[in-house]
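Shown next, in structure tokens, is the structure this report addresses.
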Amino acid sequence: MDFTLKTYRSLLSALEQSGYAFRTFEEFLSVPAGGKVVVLRHDIDKRPENALRMAQMEHASGIKASYYIRVVKGTWNEEIIERIVALGHEVSYHYEDLTIAKGNYEKAFEYFKKHLAEIRCFYPAKTVCMHGSPLSRWDNRKLWEKYNYREAGIIGEPYFDVDYTKVLYITDTGRAWNKTGASVRDKVEGGLELKVKNTRRLITLIGNDELPEKLIINTHPQRWFDFGWGWMSEFICQHIKNAVKKVLVAFMH
């Protein structure tokens with residue numbers, strides 16, 4: 001069974017046993033480290049309760065991660081944000097303001113500053129991360145063609161401030177690892193590529209020391225459950241979404 005919390009625990013163990021040091025994205029940018037380093041980035045698109053379970057699991061192993069949360073109804077949950085912060089994790093904004101503002105750049109930047117301030121009520125956020133908004137005509141990253149997030153005290157954004165010729169980016173977008181046909185915007189420019197069939201294979205590669213020293217692993221907590229109805233529902237829904245995304249990706253090219 002893939003994309004279960006048990007499997008995620010096995011992934012964390014494999015990284016630990018292989019000698020990877022865990023860093024938040026903020027730490028990764030602020031204090032560059034030698035040797036093996038992994039950033040666990042979590043995009044909270046929905047089901048924030050799943051994110052809390054992952055955060056608790058990581059905390060129990062002494063691991064810190066980076067959680068980026070949307071401000072939309074059903075995802076924004078202040079109690080859960082407080083609990084994740086209390087566990088020692090980085091929490092910041094999974095921004096989608098150009099989509100929210102329907103392409104109005106001036107409004108979008110005002111929304112961005114407002115939403116970032118709301119996040120900073122809970123954590124002194126210094127990084128942010130784009131939400132792909134796959135069904136939107138607007139790429140939220142385009143906001144930075146007219147504005148500069150550094151003006152808001154942001155030191156980094158993973159789609160702009162990482163050299164992916166030296167860092168391997170792995171994402172579970174589409175409920176698969178680096179599945180390009182299921183990802184509309186969750187892609188990076190770089191020289192390192194990895195396609196793996198499932199998490200078990202990823203764990204094997206880590207255990208065999210076949211991955212680079214620097215990793216960013218992006219997961220979406222909504223995909224990770226103990227086996228049961230939630231797991232089956234996500235499995236079915238994601239297959240439908242992937243079919244739609246495949247058409248969108250083909251259209252965009």
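Note that this is a predicted model, so its numbers are computed, not measured.
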Ring pair (Phe, Tyr, Trp, His ring centres under 6.0 Å) for Trp138 and Tyr105? Distances and angles first, verdict last. CA-CA 11 Å; Trp138 293 285; Tyr105 282 74; 9.4 Å; no
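- Side-chain N/O atoms of Thr199 and Trp177 include a donor and acceptor closer than 3.5 Å.
- Within the 4.5 Å cutoff, side-chain heavy atoms of Ile69 are placed close to those of Ile81.
- Distance alone, capped at 3.5 Å, places no donor-acceptor pair between the Thr219 side chain and the Pro221 backbone.
- Side-chain contact check for Leu15 versus Ile217: some heavy-atom pair is nearer than 4.5 Å.
- Between Gly156 and Asp161, the shortest heavy-atom distance links the atoms CA-OD2, 3.2 Å.
- Under the side-chain hydrogen bond (donor to acceptor under 3.5 Å, both in side chains) test applied with Arg41, the options Tyr67, Tyr169, Tyr68 reduce to a single match, Tyr169.
- Put simply, NE2 on His42 and CD on Glu58 are 3.5 Å apart, with the number rounded to the nearest 0.5 Å.
- Figure legend: Arg141 and Tyr159 shown as a cation-pi pair, the cationic atom lying under 6.0 angstrom from the six-membered ring centre and within 45 degrees of its axis.
- Tested against Tyr93, the residues His115, Arg120, Met130 include a single side chain to side chain contact (heavy atoms under 4.5 Å, CB included) partner, His115.
- Annotation: the span from Phe225 atom CZ to Phe3 atom CZ amounts to 12.5 Å, rounded to 0.5 Å.
- Under the 6.0 Å distance and 45° angle rule, Lys36 counts as a cation-pi partner of Tyr20.
- A parallel orientation is assigned to the rings of Tyr147 and Phe109, their planes being inclined by less than 30° (bins at 30° and 60°).
- A donor-acceptor contact closer than 3.5 angstrom is absent between the side chains of Arg201 and Asn198.
- No hydrogens or angles considered: nothing links the side chains of Tyr95 and Asn140 as a donor-acceptor pair under 3.5 Å.
- Thr7 places no side-chain N or O within donor-acceptor distance of the main-chain N or O of Asp2, the cut-off being under 3.5 Å.
- No hydrogens or angles considered: a donor-acceptor pair under 3.5 Å links the side chains of Glu90 and Thr127.
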